[in-house]
Amino acid sequence: DGGITQSPKYLFRKEGQNVTLSCEQNLNHDAMYWYRQDPGQGLRLIYYSQIVNDFQKGDIAEGYSVSREKKESFPLTVTSAQKNPTAFYLCASSTSGTSYEQYFGPGTRLTVT
Amino acid sequence: AQSVTQLGSHVSVSEGALVLLRCNYSSSVPPYLFWYVQYPNQGLQLLLKYTTGATLVKGINGFEAEFKKSETSFHLTKPSAHMSDAAEYFCAVTKGTKYIFGTGTRLKVLA
């Protein structure tokens with residue numbers, strides 16, 4: 001079955017530690033996205049990538065980093081510079097071109113204490 | 001600049017009643033519009049989308065939405081609510097290579 005996987009489902013870290021969230025897709029999509037979701041704020045775009053080895057900052061990129069070395073994978077690192085990292089993180093992918101819908105992974109809930 | 005407004009962060013309906021979730025967008029060009037549903041602690045799932053053509057769009061689970069250019073709206077409806085419809089619903093519009101999401105409407109279905 002084609003789809004997007006995110007791991008782990010729940011992640012706990014201490015303040016000051018970097019943490020990497022995994023996102024893998026087997027849909028052969030060129031575009032991939034990372035969103036942060038907080039209650040009452042909808043989805044906010046962190047980073048996106050339209051093609052391998054290229055990515056762009058979204059609206060809230062500070063304190064985050066990404067890489068896109070393979071078409072299937074788009075990992076997100078939450079660095080210690082992110083002031084308030086506790087949130088629900090969603091990865092999505094789509095065919096290039098904005099008439100196409102995004103497909104979402106199940107999300108990773110990150111708690112930093 | 002494209003943006004999306006969802007009126008009502010919480011909506012409650014009785015089981016069997018009409019569901020109406022409102023979405024208005026601002027766009028300088030004809031938009032591509034989407035409705036997604038999210039169940040607790042899960043990702044988003046596409047309900048329906050409008051790109052071109054027929055302005056009344058039918059989606060999964062009995063939902064539909066009508067694109068009204070004159071009103072810049074894309075409201076989501078379902079004739080008869082079911083308990084399983086309780087979830088959060090997001091309207092989205094595309095902006096260049098990005099998608100802009102509304103802040104969501106949480107639907108509660110009362111028995």
#### Entry: Side chain, backbone, both or neither of B:L44 within contact of chain A (heavy atoms, under 4.5 Å)
both
### Query
Any Lys/Arg nitrogen of A:D30 or A:K71 sitting under 4.0 Å from an Asp/Glu carboxylate oxygen of the other?
yes
### Top contributor to chain B contacts, counting heavy-atom pairs under 4.5 Å, from A:A92, A:P106, A:G58
A:P106
### Query
Between A:G107, A:G42, A:G40, which has the largest tally of heavy atom pairs under 4.5 Å with chain B?
A:G42
### Query
Can any side-chain N or O of B:K78 pair as donor or acceptor with the backbone N or O of B:N61 at less than 3.5 Å?
yes
### Task
Among the options A:Q41, A:Q37, A:R44, pick out the one with the most heavy-atom pairs lying under 4.5 Å from chain B.
A:Q37
### Message
Whether the side chain of B:H10 engages the backbone of B:R106 through a donor-acceptor N/O pair (distance < 3.5 Å, no angle test) should be reported.
### Response
no
### Query
Looking only at heavy atoms, what is the nearest atom pair of B:F90 and B:Q38, with distance?
CE1-OE1, 3.4 Å
### Query
Relative to chain A, which segment of B:Y36 carries a heavy atom at a distance below 4.5 Å: side chain, backbone, both, or neither?
side chain
### Query
Does any heavy atom of chain A fall under 4.5 Å from the side chain of B:Q6, the backbone, both, or neither of them?
neither
### Query
Hey, what's the ring geometry for B:Y99 with B:F101, parallel, tilted or perpendicular (30° and 60° as the breaks)?
tilted
### Heavy-atom pair of closest approach, residues B:F34 and B:K49
CD2-CB, 3.5 Å
### Query
For A:Y35, is it the side chain, the backbone, both, or neither that has a heavy atom closer than 4.5 Å to a heavy atom of chain B?
side chain
